[in-house]
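Written below as structure tokens is the structure these notes are about.
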Number of protein chains: 2
Amino acid sequence: MSSSDARASSSNTFAPGGPDLALGPCAACAARGLAFCNVLEGEDLSRLLQITSETNAGAGQAVFYEGDEASHVYNVTEGVVRVSKMLPDGRRQITGFLFPGDFLGLSHDDAYAYTAEAVNAVRLCRFRRDRLLQLFDELPQLEKRLLGMAADELAAAQDQILLLGRKTARERVVSFLLGISKQAQRRGESGNPVGLPMSRADIADYLGLTIETVSRMITKLAKDGVIELPSSNKVHFTNRNALEDIEMGEEA
Amino acid sequence: MSSSDARASSSNTFAPGGPDLALGPCAACAARGLAFCNVLEGEDLSRLLQITSETNAGAGQAVFYEGDEASHVYNVTEGVVRVSKMLPDGRRQITGFLFPGDFLGLSHDDAYAYTAEAVNAVRLCRFRRDRLLQLFDELPQLEKRLLGMAADELAAAQDQILLLGRKTARERVVSFLLGISKQAQRRGESGNPVGLPMSRADIADYLGLTIETVSRMITKLAKDGVIELPSSNKVHFTNRNALEDIEMGEEA
DNA sequence: CGTATACTTGAATTGAGTCAATAAGTGTGG
DNA sequence: CCACACTTATTGACTCAATTCAAGTATACG
């Protein structure tokens with residue numbers, strides 16, 4: 001493999017000066033409003049911070065690999081993470097892109113069932129899994145929140161299953177572009193135009209297609225006048241209604 | 001639609017005679033060992049039973065439809081349920097088959113995001129969603145168990161995403177057959193031979209294929225000598241190792 | 001026992017993949 | 001600032017796995 005397979009490196013535990021100062025790192029966190037920790041405040045939050053450390057990963061670096069001991073749970077605070085699984089012969093499927101506020105690694109298993117890699121520069125909060133599970137007993141609202149987020153993820157996974165099982169290449173690409181836009185809106189951006197931080201290869205492996213097909217479909221959508229491409233990694237929606245029709249197979 | 005779209009009908013609340021008698025219906029439940037309620041005993045279980053009722057659904061009947069108000073959570077105790085989503089033009093994707101011990105309906109949303117229908121005669125325990133969520137505060141082990149099961153479901157969904165995104169028709173069918181067998185083993189059956197309670201159409205819509213392709217692949221596997229077909233809805237595995245190789249694209 | 005339903009099989013079609021070449025960025029060092 | 005190498009994206013021609021269309025054959029059912 002290339003240099004891109006190095007692990008996420010730097011990591012240091014927060015050392016809160018005391019209960020009141022503890023919110024420190026979170027006060028400045030852009031993902032705070034979206035993340036599971038947003039149900040906690042004051043003393044409770046500082047409780048969580050005691051088992052929290054921070055990690056960074058550069059573009060292409062792995063946060064962890066499929067099969068690694070599932071010792072930590074992570075929370076994305078900056079950047080985009082891709083989660084993928086591989087078949088022995090190298091075929092890759094990206095099961096999701098994670099944005100600020102999303103968590104990963106809450107496996108029920110001893111080992112991670114998937115690989116997590118940074119798409120661009122990524123910052124994450126890291127929690128020891130066993131300690132976090134213990135903390136649920138003291139902070140039940142945390143567990144409730146995580147169950148809610150797991151339910152949301154399950155719903156998203158089922159949408160992706162519908163996409164992969166039954167949608168055409170064109171519909172898949174449109175669903176993806178609209179999804180990226182909605183995610184940007186959740187983060188407080190306009191969502192139009194929207195940047196595509198990931199490569200065509202990543203998009204292809206997420207949509208169960210090839211790079212060439214993704215490229216062709218994007219080009220075709222631009223020719224059809226429903227999007228514009230200021231650059232290859234930026235999309236401007238010129239007819240969102242038409243796109244929403246295409247997404248569900250209700251093209252004119 | 002045909003007569004098969006009638007809703008699940010009969011439903012009656014358990015009326016436990018008292019704390020000790022309350023285990024009554026659960027004592028006889030074949031799914032008890034696998035279901036989320038298995039973390040409860042005695043007084044705690046009787047607490048859950050107070051908000052529990054029972055429902056039946058005949059083959060083809062719906063338990064609920066996508067878009068219905070998500071008022072209840074269910075637990076399959078007997079039979080097989082298929083969970084599906086549809087595109088406006090009628091394309092259908094089955095996102096999962098649920099067996100005794102599996103739960104459904106734990107949506108975070110107001111409405112169910114999918115339709116649930118009985119594949120064969122089905123029996124379910126039914127819980128009012130709001131009451132169940134309340135109960136989590138008193139019975140935290142219940143919530144913990146459900147979070148664990150949600151994590152398992154999420155892992156299964158990701159396996160299905162890999163299957164739909166990257167596996168060939170042959171690999172999909174083999175994965176499906178092995179999965180059905182493993183599920184039968186979890187229920188205490190031998191898993192070989194194993195019955196296929198669902199139709200070819202259901203299998204096709206689960207695997208993102210057509211009926212014809214599923215049929216051809218099953219026939220081919222039999223011709224290749226890795227399975228036998230005592231009947232069209234029963235499979236005997238004659239070379240499980242070969243099947244496990246095929247599943248992961250490592251065919252000889 | 002006939003009719004509907006489910007499943008299988010065959011032939012032709014097609015949407016997406018593969019292979020191959022070109023073009024457009026991106027970054028590096030002179 | 002440009003020239004070069006390298007990576008990423010696009011475009012074209014051809015192929016193929018799975019679908020579609022079309023019979024045919026079991027199987028279940030009233």
Side-chain angles (χ1 to χ4, degrees), chain A residues 1-4 58-60 82 89-93 119-120 163-174 176-177 195-223 227-235 246 249 251, chain B residues 1-4 58-60 89-93 119-121 163-174 176-177 195-223 227-235 246 249 251:
Chain A
M1 290 199 226
S2 67
S3 65
S4 70
R82 65 169 174 257
D89 64 5
R91 279 174 286 174
R92 182 180 72 149
Q93 178 65 36
V119 168
N120 49 20
L163 179 148
L164 293 169
R166 289 300 178 218
K167 289 190 185 176
T168 65
R170 182 176 172 89
E171 289 159 6
R172 292 182 200 200
V173 169
V174 168
F176 171 75
L177 294 177
L196 303 178
M198 66 291 289
S199 68
R200 294 289 188 269
D202 283 349
I203 297 173
D205 283 351
Y206 179 60
L207 298 178
L209 300 170
T210 60
I211 295 171
E212 294 94 324
T213 298
V214 170
S215 183
R216 275 187 256 270
M217 294 302 143
I218 290 178
T219 302
K220 184 68 171 16
L221 290 168
K223 274 186 185 148
I227 63 169
E228 278 169 9
L229 295 166
S231 78
S232 75
N233 59 355
K234 188 171 287 185
V235 177
I246 294 169
E251 187 144 14
Chain B
M1 288 197 231
S2 66
S3 67
S4 69
D89 64 4
R91 280 174 286 175
R92 183 180 71 149
Q93 178 65 37
V119 167
N120 49 19
L163 179 148
L164 293 169
R166 289 298 178 220
K167 289 190 185 177
T168 66
R170 182 178 172 85
E171 288 160 6
R172 292 182 200 200
V173 168
V174 167
F176 171 75
L177 295 177
L196 303 179
M198 66 292 288
S199 68
R200 294 289 189 269
D202 283 349
I203 298 173
D205 283 351
Y206 179 59
L207 298 178
L209 300 171
T210 58
I211 296 170
E212 295 94 324
T213 299
V214 170
S215 181
R216 275 186 256 270
M217 294 302 144
I218 290 177
T219 303
K220 183 70 171 17
L221 289 168
K223 273 185 186 150
I227 62 169
E228 279 168 8
L229 295 165
S231 77
S232 76
N233 59 355
K234 189 171 288 186
V235 177
I246 294 169
E251 188 144 14

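Convention: sequence-line order gives letters A, B, ...; per-chain numbering from 1. In what follows, every heavy atom counts, from backbone to side chain, and hydrogens, waters and symmetry copies are set aside.
- Going from atom CG of L207(B) over to atom P of dT19(D) covers 10 Å, rounded to whole Å.
- If you take CZ of R91(B) and P of dT20(D), they are 10 Å apart, rounded to a whole angstrom.
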task = Take R82(A) and M198(A), measure what side chain to side chain contact (heavy atoms under 4.5 Å, CB included) needs, and give me the verdict at the end.
result = CA-CA 9 Å; R82(A) 65 169 174 257; M198(A) 66 291 289; over 6 Å; no
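- Within the 3.5 Å criterion, the main-chain N or O of D205(A) finds a donor-acceptor partner in the side chain of Q93(A).
- Looking at K167(B) and I246(B), their side chains never come closer than 4.5 Å, going by heavy atoms from C-beta outward.
- With a 4.5 Å cut-off on side-chain heavy atoms, L207(B) and T213(B) do not count as touching.
- Using a 4.5 Å heavy-atom threshold, the side chains of R172(B) and M217(B) count as separate.
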ask   = Using a cut-off of 4.0 Å between protein heavy atoms and nucleotide atoms, how would you tag nucleotides 6-16 of chain C 5' to 3' with B, S and -?
value = -SBBBB----S
